There are 2 protein chains.
Amino acid sequence: MPVTLKQLADRVGVHPSTISRVANNDPGLRISPATRSRIEALLRETEYRPNGIARGLKLQQTLALAVVIPDVTNPLFAALFRGVEDGASPRGYNVVLCNTDGSPDRQRSHLASLTARRVDGVILASTFLRDPSVRWLRQQRIPHVLVNRFSDDGLDPFVGSDDVMGAKVATQHLYALGHRRIAHLAGQPTVSTGVLRRRGYLAALAEAGVKADPKLVVESGYVEDGGARGTERLLSMRDRPTAIFAVNDMAAVGAHSVARRLGLRIPDDLAVVGYNNIPLAGRLIPGLTTVHVPAHEFGIMATRLLLEQIESGQRPARQVVFQPQLVVRGSTVVGADVELAPAALMQE
Amino acid sequence: MPVTLKQLADRVGVHPSTISRVANNDPGLRISPATRSRIEALLRETEYRPNGIARGLKLQQTLALAVVIPDVTNPLFAALFRGVEDGASPRGYNVVLCNTDGSPDRQRSHLASLTARRVDGVILASTFLRDPSVRWLRQQRIPHVLVNRFSDDGLDPFVGSDDVMGAKVATQHLYALGHRRIAHLAGQPTVSTGVLRRRGYLAALAEAGVKADPKLVVESGYVEDGGARGTERLLSMRDRPTAIFAVNDMAAVGAHSVARRLGLRIPDDLAVVGYNNIPLAGRLIPGLTTVHVPAHEFGIMATRLLLEQIESGQRPARQVVFQPQLVVRGSTVVGADVELAPAALMQE
DNA sequence: AACATTAGGGCAATCGTTTGTCCAGATCAA
DNA sequence: TTGATCTGGACAAACGATTGCCCTAATGTT
């Protein structure tokens with residue numbers, strides 16, 4: 001067992017509180033140089049570290065944050081987590097990671113356990129629209145930041161990107177390449193990114209004067225399998241789309257592999273655009289055109305907003321929205337990979 | 001602020017200890033049914049959850065584990081973490097995640113902060129040979145399990161795979177395909193996997209009666225960039241290798257892309273074998289032949305060993321070693337991808 | 001009637017730190 | 001010599017929950 005204040009106090013012959021003040025460098029402490037140096041020597045010798053639990057109980061703060069995401073196996077969330085840790089670690093915080101696999105129940109139970117543990121704040125990236133868990137966090141006044149997805153527009157501190165704009169840019173890119181039958185592998189209507197990206201897709205079509213065909217919008221969700229199935233449905237239509245805008249890269253990867261399997265050439269027979277720019281997007285052949293989402297920066301920024309809340313005691317309720325950027329690769333433009341490949345591959 | 005025992009006690013008019021006993025279902029408690037039901041009603045109404053910090057202080061356990069890895073952005077470690085969480089979460093434990101980026105200093109400081117926090121146990125996958133941090137954990141009698149890499153052979157509970165055997169099988173595979181100049185992109189000699197895989201590579205050559213050429217072993221480390229550089233060196237030799245066995249998949253990916261860039265055909269001009277079987281390995285074109293390492297199972301098993309230690313108070317010091325399995329893909333055998341691709345792509 | 005037992009909880013110590021307050025002796029000024 | 005001030009720390013009350021022990025009144029036993 002690690003050494004305690006009382007044990008040290010007994011060895012020096014002073015009161016534990018004196019050791020504590022020396023260890024914490026209490027400026028108001030008046031102490032003889034002799035005693036101080038004896039204590040300091042002992043502190044070094046024993047490598048004394050205050051018991052974080054006792055400290056947490058007294059100070060009402062744990063120096064722990066939590067990150068709740070669908071799945072860390074998804075590179076987007078892994079990068080997000082790294083951002084959080086990189087922001088939190090230098091400030092002395094540890095980070096608890098929880099995966100929900102997209103289940104509201106698991107999210108709820110994780111949050112319950114995290115609040116029982118009294119983490120100082122929570123970063124949530126697995127949120128649904130009008131999410132009861134988020135409302136509960138808000139009501140309990142637990143410092144939190146939503147990332148990537150939000151629950152009730154504007155009510156919580158949020159870090160994300162402009163999903164409508166990103167989807168619009170992606171769709172306009174396809175339109176500009178001459179595509180007129182552009183399909184959308186959509187996210188669930190219960191998730192903000194699903195709704196917003198679909199909205200951006202529709203807005204781009206409307207602005208371009210293309211009449212949207214409801215049959216061209218298929219709900220694929222955010223996983224490869226859904227993207228594959230959706231693509232099979234789309235490609236089996238009598239009036240096939242020539243391009244697909246997918247709600248995220250994994251769905252796009254599903255489209256990608258179905259197209260390959262069916263012997264369609266990308267981008268000539270089918271152009272594909274994804275969303276998020278996960279590392280895999282640059283590795284596919286051809287590379288996947290996608291909307292870049294700076295996941296690592298999300299994590300850093302979310303941590304900043306969270307620590308602001310924690311340290312000020314206020315809820316600044318700031319919303320930070322990044323402007324998305326289209327990354328053009330070979331899945332929409334022939335040859336777009338050539339220039340990128342050597343440099344990109346070497347720098348990673 | 002969440003409700004405390006004392007507040008509840010005041011509302012019911014009993015002593016806090018009574019509430020505690022009811023909440024914890026103390027079997028030795030004698031209480032009138034009337035009082036009990038009033039208390040239970042209040043517990044439900046207020047959704048009382050004991051303060052985990054106070055509980056931890058009293059009970060000397062935090063119900064928190066920690067996972068220390070080089071980088072969660074690496075799919076191998078992401079899968080490992082999922083295994084840990086999947087094993088720990090149902091037992092009521094939360095998991096703190098720490099990334100070291102391979103720096104012994106960051107590992108040390110994380111470990112210091114984790115022990116100050118009094119996590120109940122640590123799972124370490126970022127260990128070096130003769131690692132001072134590990135020796136310190138051992139000496140402090142902090143429950144821990146090493147995963148994938150070990151520090152001092154046999155002294156700590158460990159979960160991993162037979163690295164010598166895996167490397168041997170990989171090298172034998174290349175030999176069986178007719179390769180005689182087989183190079184090795186090696187890991188650092190400070191890491192057990194680096195040493196063991198190199199040993200397996202050399203053992204396979206020796207058994208096959210091939211004289212090992214020291215020039216064919218280049219230290220690449222575990223990252224793509226190192227693999228790329230190492231491969232450039234190997235391919236610029238007058239007597240080029242026809243095959244490369246890389247210490248892990250990322251290094252192999254580096255080899256892969258350098259070969260492509262130089263216009264070499266894989267596997268005809270250069271065969272490549274990796275290690276770990278990360279998801280990307282199956283996505284490359286051609287697919288990367290590699291040694292499968294069950295990262296998720298590692299995590300589950302490591303958690304089991306750790307919880308055993310924690311709950312028994314003993315150190316069973318069990319070592320669990322999985323037998324590695326070679327996954328043959330197109331980077332060594334032409335056409336090996338064909339049969340796999342459709343099924344593999346669909347099932348994910 | 002005297003004593004023992006049981007029912008129903010209350011008391012207080014404890015986990016390890018932090019921090020506002022207090023105190024005894026020494027030193028100082030007048 | 002008498003206060004006043006200063007020095008160098010000691011004391012104790014939190015922070016919440018847990019748990020061994022104790023206490024009082026009521027009931028039961030002989």
Side-chain angles (χ1 to χ4, degrees), chain A residues 1-40 42-43 46-64 92 113 115-120, chain B residues 1-40 42-43 46-64 92 113-120 140:
Chain A
M1 285 296 103
V3 66
T4 73
L5 276 186
K6 197 197 303 211
Q7 293 168 354
L8 294 182
D10 289 346
R11 288 184 54 181
V12 190
V14 299
H15 196 268
S17 65
T18 304
I19 312 264
S20 171
R21 292 187 215 258
V22 170
N24 293 348
N25 238 307
D26 183 337
L29 173 61
R30 294 172 313 190
I31 193 175
S32 72
T35 316
R36 175 187 289 276
S37 63
R38 279 173 56 211
I39 294 180
E40 282 173 345
L42 195 60
L43 287 176
T46 59
E47 293 183 350
Y48 171 75
R49 300 271 159 226
N51 181 321
I53 308 185
R55 202 159 203 274
L57 182 58
K58 177 65 186 173
L59 300 184
Q60 307 278 49
Q61 59 149 333
T62 51
L63 289 179
S113 135
T115 51
R117 184 178 300 291
R118 298 300 190 273
V119 294
D120 293 332
Chain B
M1 287 298 103
V3 66
T4 73
L5 275 187
K6 196 200 300 210
Q7 294 168 354
L8 294 182
D10 290 346
R11 288 183 55 180
V12 190
V14 299
H15 195 268
S17 64
T18 305
I19 311 266
S20 170
R21 293 186 215 258
V22 170
N24 292 348
N25 238 310
D26 182 338
L29 173 61
R30 293 172 312 189
I31 192 175
S32 73
T35 315
R36 175 186 288 275
S37 64
R38 280 173 55 210
I39 294 181
E40 283 174 344
L42 195 59
L43 287 176
T46 59
E47 293 182 352
Y48 170 75
R49 301 271 159 227
N51 180 322
I53 309 185
R55 200 160 205 275
L57 182 57
K58 175 66 185 176
L59 300 183
Q60 307 278 49
Q61 63 151 325
T62 52
L63 288 180
S113 135
L114 291 169
T115 50
R117 184 179 300 291
R118 299 298 192 274
V119 294
D120 294 332
Q140 303 283 312

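The structure presented is a predicted model; accordingly, all values stated were derived computationally and were not measured. A note on names: the letters A, B, ... follow the listed sequences, proteins ahead of strands, and every chain is numbered from 1.
- Here B/Arg30 does not reach the OP1 or OP2 of C/dT6: none of its side-chain N or O atoms lies under 4.0 Å away.
- Within the 4.0 angstrom heavy-atom criterion, only backbone atoms of the sugar-phosphate kind lie near A/Ile31; the bases stay farther away.
- Across all strands shown, A/Gly13 has heavy atoms under 4.0 Å from sugar-phosphate atoms exclusively, and none from any base.
- Residue A/Arg117 contributes atom CZ, which lies 16 Å from atom C1' of D/dG16 at whole-angstrom precision.
- Remark: B/Arg55 is in phosphate contact with D/dT18, judged by side-chain N or O atoms under 4.0 Å from OP1 or OP2.
- Not a single donor-acceptor contact under 3.5 angstrom links the side-chain atoms of B/Arg36 to the base of C/dG8.
- A/Thr46 places a side-chain heavy atom less than 4.5 Å from the side chain of A/Arg11.
- One donor-acceptor pair, N or O on each side, does fall under 3.5 Å between the base of C/dC11 and the side chain of B/Ser17.
- Side chain of B/Asp120 to backbone of B/Thr62: a donor-acceptor contact under 3.5 angstrom is found.
- Between A/Asp26 atom CG and C/dT17 atom C1' the separation is 13 Å, expressed in whole Å.
- Looking at the side chain of B/Lys58, the nearest of the listed nucleotides D/dG9, C/dC15, C/dT17 is C/dC15.
- Distance, A/Arg49 CZ to C/dT18 P: 13 Å, rounded to whole Å.
- Put simply, A/Thr18 has a side-chain N or O that comes within less than 4.0 Å of OP1 or OP2 on D/dA10.
- The distance from atom CD1 of A/Ile19 to atom P of D/dC11 is 14 Å, rounded to the nearest whole Å.
- A residue-by-residue look at A/Ser32 and A/Gln60 shows that A/Ser32 has its nearest nucleotide of DNA chain D further toward the 5' end.
- Summarising the geometry, the separation between CG on A/Leu63 and P on C/dT18 is reported as 11 Å, rounded to the nearest angstrom.
- Rounded to whole Å, the distance from NE2 on B/His15 to C1' on C/dA13 is 11 Å.
- With a 4.5 Å cut-off on side-chain heavy atoms, A/Arg118 and B/Pro2 count as touching.
- With B/Val22 as reference, B/Ile31 is the one residue of B/Leu42, B/Ile31, B/Val14, B/Val12 to meet the side chain to side chain contact (heavy atoms under 4.5 Å, CB included) rule.
- In this structure, the CG atom of A/Leu59 is 10 Å from the C1' atom of C/dT19, given to the nearest Å.
- Comparing A/Pro16 and B/Val14, the nucleotide of DNA chain C nearest to each residue sits closer to the 5' end for B/Val14.
- Remark: P of C/dT18 and NZ of A/Lys6 are 15 Å apart, rounded to the nearest angstrom.
- Dashed line: the shortest gap from a side-chain N or O of B/Tyr48 to OP1 or OP2 of D/dG16 is not under 4.0 Å.
- Between A/Tyr48 and A/Thr4, the closest side-chain pair of non-hydrogen atoms is not below 4.5 Å.
- For B/Asn24, no side-chain nitrogen or oxygen approaches OP1 or OP2 of D/dA17 to under 4.0 Å.
- B/Leu63 is listed as a side-chain neighbour of A/Arg117, based on a closest heavy-atom distance under 4.5 Å.
- Of the side-chain N and O atoms in A/Ser20, one or more sit less than 4.0 angstrom from OP1 or OP2 of C/dT18.
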